[in-house]
Amino acid sequence: MWDSVILLYTKMVKKTYTASDIEILKGIEPVQKRPGMYTDTSNPNHLLQEVIDNCVDESIAGFCNSIDVQINNDGSYTVSDDGRGMPVDIHPEYKKTGVEVIMTNLHSGAKFSNKNYKYSGGLHGVGVSVVSALSESLIINIERSGDTNLYQITFSNGLVKNKLNAIGKSSINSHGTSITFKPNNEYFDSQDIEITRLHKLIEAKSILKPGLEITIDDSKYNTGKKVYCHSGSLDKFLKSKLNLSNLLPEKPLLIELENDSFEVAATVCWHNNFENIIQDSYVNLIPTSDGGTHVNSLKSAVADSIRDFMISHKITPKNLKIIPDDIWKNTSYLMSIKLSDPQFVGQTKNKLQSTSIASKLSSQLKDRLELWLNNHSESAEGICSLAIQNAQERLTNSKNKTTKNTTKNSIMPSRLSDCSSKDININELFLVEGDSAGGSAKQARDRKFQAILPLRGKILNTWEVSSSKILESREVQDITTAIGVRPGDSDLSSLRYGKICILADADSDGLHIATLLIALFVKHFPDLVLNDHIYVALPPLYRLDYKNSTLYAISDDHMNELLNKHKIKSDNNNLAITRFKGLGEMNPSQLRDTTLSPISRKLLLLSLDDKSKDLKKLNMMLSKKTAADRKLWLEKKGNLAQTS
């Protein structure tokens, strides 16, 4: 198959390559050509964040006290601040107003040096011009202190629609910028933002910048108007968010550092509530969900200082080695660092990569931690006891494992139809619901690298069962043996498949089974999730036959999108809609083309974008103790259920 694909590709490629083939993308064309390189295209959240970040940068610089965010009914967003106002004078080189230069050119702005902003989130001069490039309309109103004019400039898809003009008068003391933009839906999978994520972002920014008032006024998602403004320190905020009575220490420890290289505020505490872990970090008030240099430095400093304390106070039991995971297992933390020139991984800035500060930051954090531990010996000994307990549990779990069963001498489940390849980088295992679906999947798969393991109906709800106890379930035991990794094991050296794909029916029963399997992996195989090995396949629920074409839809909403896209009316006589009762009802060729073939299938990576929030929701859905919460949730969200 691959030979024919390569041959076809070769025929399509031009045989000649000359200077005339070279394309030069100007202005903001690169953004529109490859939007995924510059922003998160799943929804417009990141565009809104970029505009808010510019306002926050004004606040960090000392020129902005309030920010207003409006979510409008028509799908547009308005962000206003009382900062200095974007520049309206003519740029000496480009002969255009400063605001036009900023909005129509990549890598333009006032944040490349420290002349205007000592610390800022917008470092590449890319963010707000990306918003312009990916918005069907964008309007900027500007007021400058000492200037009585109200200025306005408008853009459409990154191009100037109306040049900067004075459209009215304002007070001589008025100042600030107001940006209203409407994202172009062509570039995004969904036009709806994640409103909860936005509220969390804005709350964090208000905490990290005491005194800054940020207002959200939502007219679209009906969450109303809310004002965020805080004056408390990070440790008080962490304690209020955790809302637990058994914190260690009772008041989370707070470290604040300031020197020529950075400003740091970090707060840390320990507790036994694993469903309520908070671990968030920020660089120049921008959330870094993937951590990076600053978080690694904090973790290293905490681990080293606590181990040194245990050695100097002779607390460590003989022959027991404490590893960093033993110390961090029960930890919640918040960390905010301000840098004049941070280096991020990618434009979405989820991870800090400023390696030059690592040694200095880790050393200074460790000095402060050691001082705190020695001045709070009772709390320090309690933290050490937790680490020792975790280490002992880790060793016990390790000893309870059967003598290192490698995949070479393990007997594979009889129901497993394995693949011939031994290359973990290409091997895939599909966990399929039932024998009927398993039979179709076995015929549809590529035997070289795809394995099929049929499961008997709904598996055990493992959310509140220990990792050793779940192996009493035959289905869980078969999954464990097939993948080569035992529950709770962080050693993935014996993993047999690079992709483990949950493949259940597209109906409600199938989604229930998929949820139970997701819970199994999140709870008992977290390292498989963390290292991007778990996927959820999206099989079709409907087949649409229209004239000479066939389409597949994974849900009711997707079917309606396809009908609208192809301008087909649901009552058209030429349209035939088939609803699949299950995967077993699909013939192998249909299953191959829609669900198994790497060329045409849809796979979702299982990841925890917000670990604390995601674990809390899973606990609400699966725990026996949360029946009342589950009932309330169903009463509130029941109208969202599909009845097809």
When the aromatic ring centroids of Tyr77 and Phe181 are compared, is their separation below 6.0 Å? yes

Polar contact flag, side-chain donor to acceptor under 3.5 angstrom, Ser555-Asp557: no

Under 3.5 Å, side chain of Glu203 to main-chain N/O of Tyr228, donor-acceptor pair present? no

Output for pair (Cys501 SG, Phe430 CZ), nearest 0.5 Å, gives 4.0 Å

Is there a donor-acceptor contact under 3.5 Å linking the side chains of Asn43 and Glu194? yes

Would you indicate whether the side-chain heavy atoms of Glu256 and Val264 approach each other to under 4.5 Å? no

Taking the side chain as every heavy atom from C-beta outward, state whether Cys269 and Thr331 have any pair of such atoms under 4.5 Å apart. no

Quick one about Asn272 and Asn246 (side-chain donor to acceptor, distance below 3.5 Å, no hydrogens or angles considered), yes or no? no

With no hydrogens and no angle check, is any side-chain donor or acceptor of His533 less than 3.5 Å from a backbone partner on Gly498? yes

Test item: His199 and Ile216 side chains (from C-beta on) under 4.5 Å apart, heavy atoms: yes

Contact summary for Ala504 and Pro539, nearest pair of heavy atoms: O-CG, 3.2 Å

Using 30° and 60° as the class boundaries, would you call the ring planes of Tyr333 and Trp328 parallel, tilted or perpendicular? perpendicular

For the residue pair Asn185 and Gln191, confirm or rule out a side-chain donor-acceptor distance under 3.5 Å. yes

If I compare all heavy atoms of Gly75 with all of Pro183, which pair ends up nearest, and what's the gap? O-CD, 3.6 Å

Under the 3.5 angstrom rule, does the side chain of Arg197 hit a backbone N or O of Asn45 as a donor-acceptor pair? no

Are any of the side-chain heavy atoms of Leu615 and Ile277 separated by less than 4.5 Å? no

Worked check of side chain to side chain contact (heavy atoms under 4.5 Å, CB included) between Cys55 and Val79: CA-CA 8 Å; Cys55 303; Val79 181; 3.7 Å; yes

Just so I know, are the side chains of Lys602 and Thr595 near enough to count as touching, which here means a heavy-atom distance under 4.5 Å? no

Backbone N or O of Val227 within a donor-acceptor pair of the Thr215 side chain at under 3.5 Å? no

Would you compute the distance between atom OG1 of Thr515 and atom CG of Leu520 and round it to the nearest 0.5 angstrom? 12.5 Å

Hey, what's the ring geometry for Phe521 with Phe525, parallel, tilted or perpendicular (30° and 60° as the breaks)? tilted

Do Ile315 and Phe309 touch side chain to side chain, with heavy atoms closer than 4.5 Å? yes

Thinking salt bridges, do Asp192 and Lys220 make one under a 4.0 Å N-O criterion? yes

Taking 4.0 angstrom as the limit, do Asp53 and Lys205 come out as a salt bridge? yes

Minimal non-hydrogen separation, Pro210 against Ser231, with atom names: CB-CA, 4.2 Å

From Met335 CE over to Lys299 NZ, what is the distance, rounded to the nearest 0.5 angstrom? 11.5 Å

Arg415 side chain to Pro454 backbone, donor-acceptor under 3.5 Å: yes

Kindly give the heavy-atom pair with the smallest separation between Leu596 and Ala441, and that separation in Å. CD1-O, 3.8 Å

Spatial distance of atom CG (Leu334) from atom CG (Asp280) [nearest 0.5 Å]: 6.0 Å

Short side-chain to backbone donor-acceptor contact, His524 and Thr462, under 3.5 Å: yes

Distance alone, cut at 3.5 Å: any donor-acceptor contact between the side chains of Asp218 and Thr223? yes

Closest approach of Ser206 to His230 (non-hydrogen atoms, all atoms of both residues): OG-CD2, 3.1 Å

Please check if the side chain of Trp270 supplies one atom and the backbone of Ile327 the other of a donor-acceptor pair under 3.5 Å. yes

Give the C-alpha distance, both sets of side-chain angles, the deciding distance and a yes or no for salt bridge (charged side-chain N to carboxylate O under 4.0 Å, His left out) between Lys329 and Glu393. CA-CA 12 Å; Lys329 185 177 180 181; Glu393 287 180 1; 3.6 Å; yes

Decide whether Thr180 and Ser76 meet the rule of one side-chain donor and one side-chain acceptor closer than 3.5 Å. no

Nearest 0.5 angstrom please: Thr626 OG1 to Lys616 NZ, how far? 11.5 Å

Are side-chain heavy atoms of Ile479 and Leu517 found at a separation under 4.5 Å? yes

With a 4.0 Å cut-off, would you call Arg601 and Glu428 a salt bridge? yes

Minimum heavy-atom distance Ser281-Gly291, with the two atoms named: OG-CA, 4.0 Å

Got a donor-acceptor contact below 3.5 angstrom from the Arg394 side chain to the Asp326 backbone? no

Hey, could you give me the CG/OG1 distance between Leu238 and Thr267, rounded to the nearest 0.5 Å? 5.0 Å

Regarding Lys469 and Glu464, does a basic nitrogen lie under 4.0 Å from an acidic carboxylate oxygen? no

Is there a donor-acceptor pair closer than 3.5 Å between any side-chain N or O of Arg630 and the backbone N or O of Ser623? yes

Is any side-chain heavy atom of His271 less than 4.5 Å from a side-chain heavy atom of Ser332? yes

Hey, is the main chain of Glu475 close enough, under 3.5 Å, to the side chain of Asp478 for a donor-acceptor pair? no

